[in-house]
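First the proteins, then the strands, lettered A, B, ... as listed; each starts at 1. Hydrogens, waters and symmetry mates are skipped; everything else that's a heavy atom, side chains included, is used. Because the structure is predicted, anything quoted here is derived from the model rather than measured.
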Number of protein chains: 2
Amino acid sequence: MPMSTLTAEAEIEVRRSRKGEQTADRILDAAEALFAEHGYEGTTLRDVAAAVGIRTPSLYNHFESKDALYSAVLERGLRPVRELLDEFAKSRPDDRTDSSIVEGIMDILSQRPDIARLVQHETLTGGRRLTGMLRAWIQPLFESSADMVVNSPVPIPWTAEQVPLLILALYHVIIGFFTMAPFYKEMMGEDLLAEEGLALQTAFVRELVDRLFVDPKLLSEDSGTR
Amino acid sequence: MPMSTLTAEAEIEVRRSRKGEQTADRILDAAEALFAEHGYEGTTLRDVAAAVGIRTPSLYNHFESKDALYSAVLERGLRPVRELLDEFAKSRPDDRTDSSIVEGIMDILSQRPDIARLVQHETLTGGRRLTGMLRAWIQPLFESSADMVVNSPVPIPWTAEQVPLLILALYHVIIGFFTMAPFYKEMMGEDLLAEEGLALQTAFVRELVDRLFVDPKLLSEDSGTR
DNA sequence: CAGCAAAACTAACAGCAGTTAGTTAATGCC
DNA sequence: GGCATTAACTAACTGCTGTTAGTTTTGCTG
């Protein structure tokens, strides 16, 4: 009975989209927030369940383990980033601008600051859970970015050795802003993740990129590059 | 018997410096490395004891709890930073250069990269354990740095609103380098914490500071500022 | 409305966490 | 060398963790 199998599967999918996936999403939301704040080991499944409003074993109706839940959180959170990078990789080198990725990532992280903190937790603990995911994208991205900068038609005011450090620095400026925001708010009283702060930071990063990638010696002849 | 009390205390101190403090230091070393890599919750006292080569309960002869051990690690690790900041606060404003703190911190973190990762773990989880320590130094440092930059005799090519973001960015460039180094090594195969990499990064940061704090429009008249 | 799967629940378990009590070995001083 | 104190050890406990088994409720479909 091959047909009944097929329809059964179809039915399951339909139903899941009704209620099952709804709570699965709620679980992912809660888990994302908790993992982002307390890290993997610091987050308990009881906390996740409590945040969702269900009992702990019910989580296992949607995810087969804590590890699988964490992976799902990471997968869902990083999907927009992956798509952005894929798009970038497919694009013609001529169409790429210095800040196309930069601003794209700023947008993504602005909408979901927890992602930034998740990634930071990962890289801090050695990124062993990112192996299959981020590592596969980050490494080529990093290398191609370096190539791109080095082989840029416009002369870059940095040596080839410095380019990886420059990319690393830019990465930290961007992602660090989001990871530090809650701490900054508690310390300084100002919420950097509010609309105003985000706009300020976006403009700041844009200006930073401009200033770091344009040789100051060439500034007199062409002031408005981008 | 007040005298005997005094001599008894003195004796204890002398003895502690013989052997007790030796293993206490070994415990701190092992704990620092483990906390830096796995965070507070991800580190078990059994792991610490095993790394030292003793049984778990023996740790309690030197530290009264896991929390106390962690605080001691943080305290010892941040002492050089605190001393640097104190010195900076006492110095006459005229003697301060843009990069005096920057290079000092680079030196400290170069010798003990784990400190950087410890601090990152803290700020990621909200920095609740830093309350009494770092927060008391960081906040004034941050504010005075901002004031210093804004009121600089040399015109700064950033608006007053952008200055906190600039300081934050610099902070992340410096500390992020050390937290990312192990991950970078695993990904790219190159050890940034080796002598060569450190020298490169130090020079890079120095150049970055120069480039970010000097108005490019003024560059023609004075090229070798520092 | 009957039936059925999905998803909630309760009860419970094995393992490991931090920690304590009580004991033995090591260490430095008179 | 005897003695006091520190610091190692073994044994054990409580509480919490992720996880499983078995049961009841929910929500959709024919």
Distance in angstrom units between [X] [atom1] and [N] [atom2], rounded:
X: A:Tyr60; N: C:dA8; atom1: OH; atom2: P; value: 15 Å
X: B:Arg26; N: D:dA7; atom1: CZ; atom2: P; value: 13 Å
X: B:Gln22; N: C:dG28; atom1: CD; atom2: P; value: 9 Å
X: B:Phe63; N: D:dA8; atom1: CZ; atom2: C1'; value: 16 Å
X: A:Lys66; N: D:dT19; atom1: NZ; atom2: P; value: 8 Å
X: A:Asp47; N: D:dC16; atom1: CG; atom2: P; value: 12 Å
X: B:Glu64; N: C:dT19; atom1: CD; atom2: C1'; value: 12 Å
X: A:Glu41; N: C:dC16; atom1: CD; atom2: C1'; value: 13 Å

Row check, B:Tyr60 ring normal vs B:Lys66 NZ/CZ: under 6.0 Å, within 45°: no
Does [N] have its OP1 or OP2 closer than 4.0 Å to a side-chain nitrogen or oxygen of [X]?
X: B:Thr56; N: C:dT19; answer: no
X: A:Thr44; N: D:dG18; answer: yes
X: B:Arg46; N: C:dC16; answer: no
X: B:His62; N: D:dA8; answer: yes

Shortest side-chain distance from B:Arg55, nucleotide among C:dC9, C:dT19, D:dC9: D:dC9
Of the listed nucleotides D:dC9, D:dG18, C:dA11, the one nearest the side chain of A:Pro57: C:dA11
Touch class at under 4.0 angstrom, heavy-atom based, for A:Ser65 against every strand present: sugar-phosphate
Sugar-phosphate, base or nothing in reach of B:Ser58, heavy atoms under 4.0 Å: base
Salt-bridge contact A:Asp29-A:Arg76 (side-chain N to carboxylate O under 4.0 Å): yes
A:Glu190 bridged to A:Lys185 by N-O distance under 4.0 Å: no
Side-chain heavy-atom pair A:Thr56, A:Thr44 within 4.5 angstrom cut-off: no
Greater than 12 external heavy atoms within 6.0 Å of A:Glu196's CD: no
base_contact_polar (C:dA6 base, A:Asn61 side chain, donor-acceptor, <3.5 Å): no
